[in-house]
Amino acid sequence: MTRFDGDMSPAFEIFEPAEWRAPVIFNSPHSGSTYPDEFLAASRIDLPTLRRSEDSFMDELIGHLSARGFPTVRVNFPRSYVDVNREPYELDPRMFAGRLPSFANTRSMRVAGGLGTIPRVVGDGQEIYRERILVDDALGRIETLYKPYHRALRRLINKVHQMFGTVVLVDCHSMPSVGVSRDEPRRPDVVIGDRYGTSCTPLLPDRVEETLSGLGYSIGRNKPYAGGFITEHYGNPASGLHTVQLELNRAIYMDERRRERSARFAQVASDFGILADVLATTIPFADLGPFQAAAE
């Protein structure tokens, strides 16, 4: 269950541009749709239900940006199998047969909600597994999928730093158009998350909002999504590393029920290109450093 090769495709892919325009990386960690057979066999819910947790097609919306001069990253395995936007060991002991290592974080809010590194539920709260899974299986997924992804992302960040002296990471996600709670207000087209001003220079989310609102999108800030582990972990503006999360309302680019691209899909992808161009030409990158490359 921890092997991810052959028909399973690469676990993740990084596309570097032939000519680099700016130190801006676009990352899609939750659009993976390659499901291991053993995972499907262990699940008590069917594939369409599992796929509700995907940020469907987000990798395609940003995929063309590598040809425009920006590196892009996409994860191919599903977040319901391993979620790279969590700490490495956010694990719910109720899920596993065997004892978790002492360093596991078993008490985080994300674990309590069933959405740890190895999720217990899909996005709408349905339990994934028929029975407990082996601890060694969970740890194997982390070793063979989660950790290689983060090592590769760190290497890319360090490479961008060496080239430009600073780094901007745009972490791209999508959200259901309607929240689980009926009390939640109507969701905007885009929610910009900067961990309430801690993960990047204020100029970055301001410029994103200015650009996207000018293109006709309604914008929210930090609610209901302020940014996950990737935004928090890699966002260190004092060191010149700036991370912002974008949550795109799925209703604006896809049919959520049929899980199909809508007529507006091409326009939304084009608007990501406009956003990338604006960031490349208007952000004063020379003023955003210094950033000391992290040790491998």
Side-chain angles (χ1 to χ4, degrees), residues 1-13 28-60 73-101 103-106 108 110-152 173-176 180 228-230 250 254-261:
M1 229 171 142
T2 58
R3 293 184 63 81
F4 207 83
D5 53 16
D7 293 338
M8 297 305 298
S9 80
F12 55 87
E13 295 171 277
S28 176
H30 281 167
S31 54
S33 59
T34 302
Y35 287 77
D37 290 338
E38 295 89 344
F39 176 50
L40 295 177
S43 174
R44 63 192 298 271
I45 53 181
D46 59 15
L47 180 58
T49 304
L50 285 170
R51 296 199 67 191
R52 292 176 189 168
S53 288
E54 291 176 21
D55 292 349
S56 296
F57 312 124
M58 179 53 65
D59 55 340
E60 295 182 30
V73 185
R74 72 180 184 193
V75 170
N76 293 324
F77 54 87
R79 65 177 300 190
S80 54
Y81 186 61
V82 181
D83 193 339
V84 297
N85 199 26
R86 299 291 183 262
E87 296 175 22
Y89 297 99
E90 285 188 88
L91 300 171
D92 185 343
R94 295 171 295 175
M95 290 179 57
F96 304 108
R99 184 183 297 274
L100 290 173
F103 51 78
N105 180 354
T106 62
S108 76
R110 292 180 288 220
V111 168
L115 297 172
T117 317
I118 308 295
R120 176 172 53 82
V121 302
V122 289
D124 59 0
Q126 294 191 59
E127 297 274 346
I128 295 175
Y129 295 97
R130 290 194 178 93
E131 55 190 32
R132 293 189 178 210
I133 60 178
L134 297 175
V135 165
D136 286 348
D137 180 24
L139 299 180
R141 297 184 203 180
I142 293 167
E143 289 296 326
T144 59
L145 298 174
Y146 178 101
K147 289 186 176 181
Y149 162 78
H150 280 282
R151 283 196 295 267
H173 299 257
S174 68
M175 60 185 173
V180 176
F229 173 77
I230 290 171
R250 291 173 192 157
M254 65 179 285
D255 182 318
E256 293 178 273
R257 185 178 62 85
R258 295 182 178 178
R259 199 165 302 283
E260 296 175 351
R261 302 164 192 79

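If you're wondering where the values come from, they're calculated on a predicted model, not measured in any experiment. All values below were derived from every heavy atom in this structure, side-chain atoms included, with hydrogens, water molecules and symmetry-related copies excluded.
A donor-acceptor pair under 3.5 Å is formed between the side chain of Thr117 and the backbone N or O of Glu87. No side-chain donor-acceptor contact under 3.5 Å links Asn76 to the backbone of Thr34. Within the 3.5 Å criterion, the main-chain N or O of Asp59 finds no donor-acceptor partner in the side chain of Arg74. With Asp92 contributing its side chain and Gly114 its backbone, the two residues share no donor-acceptor pair below 3.5 Å. Proximity of a side-chain donor or acceptor of Arg110 to a complementary backbone N or O of Gly228 within less than 3.5 Å is not detected. Without hydrogens or angle criteria, Ser53 side chain to Gly123 main chain gives a donor-acceptor distance under 3.5 Å. A donor-acceptor pair is defined here as one N or O able to donate and one able to accept, closer than 3.5 Å; such a pair exists between the side chain of Thr144 and the backbone of Gly140.
Here the straight-line distance linking atom CE of Met58 with atom CE of Met254 works out to 10.0 Å at 0.5 Å rounding.
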- Task: For the pair Asn105 and Leu91, evaluate side-chain contact (heavy atoms from CB on, under 4.5 Å) and give the outcome as yes or no after the intermediate values.
- Result: CA-CA 6 Å; Asn105 180 354; Leu91 300 171; over 6 Å; no

- Task: Take His30 and Glu54, measure what side-chain contact (heavy atoms from CB on, under 4.5 Å) needs, and give me the verdict at the end.
- Result: CA-CA 6 Å; His30 281 167; Glu54 291 176 21; over 6 Å; no

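Glu256 places none of its side-chain heavy atoms less than 4.5 Å from the side chain of Arg52. Contact check for Arg141 versus Asp137: side-chain heavy atoms found under the 4.5 Å cut-off. Residues Phe57 and Ser174 have side chains not in contact (no heavy-atom distance under 4.5 Å, counting atoms from C-beta outward).
Every residue meeting the side-chain hydrogen bond (donor to acceptor under 3.5 Å, both in side chains) condition with Glu143, not counting sequence neighbours, appears here in chain and number order: Tyr89, Lys147. Scored by the side-chain hydrogen bond (donor to acceptor under 3.5 Å, both in side chains) test, Ser80 finds no partners at all (sequence neighbours excluded).
The shortest heavy-atom contact between Ala11 and Phe77 is O-CD2, 3.3 Å. Between Ile230 and Asn85 the shortest heavy-atom distance is N-OD1, 2.8 Å. Taking every heavy atom of both residues into account, Leu134 and Phe96 meet most closely at O-CD2, 4.3 Å. Contact detail for Ser56 and Arg259: the closest heavy-atom pair is OG-NH1, 2.8 Å. The shortest heavy-atom contact between Val82 and Tyr146 is CG1-CB, 4.0 Å. Minimum heavy-atom separation, Thr49 to Val122: O-CG1, 4.1 Å.
For residues 75-86, the pairs satisfying salt bridge (Lys or Arg N to Asp or Glu O under 4.0 Å) are Arg79-Asp83, Asp83-Arg86, with sequence neighbours left out.
Taking the charged nitrogens against the carboxylate oxygens, Asp55 and Arg250 do have a contact shorter than 4.0 Å, which makes a salt bridge. With salt bridges taken as basic N to acidic carboxylate O contacts below 4.0 Å, none links Arg44 and Glu131.
A perpendicular orientation is assigned to the rings of His150 and Phe229, their planes being inclined by more than 60° (bins at 30° and 60°).
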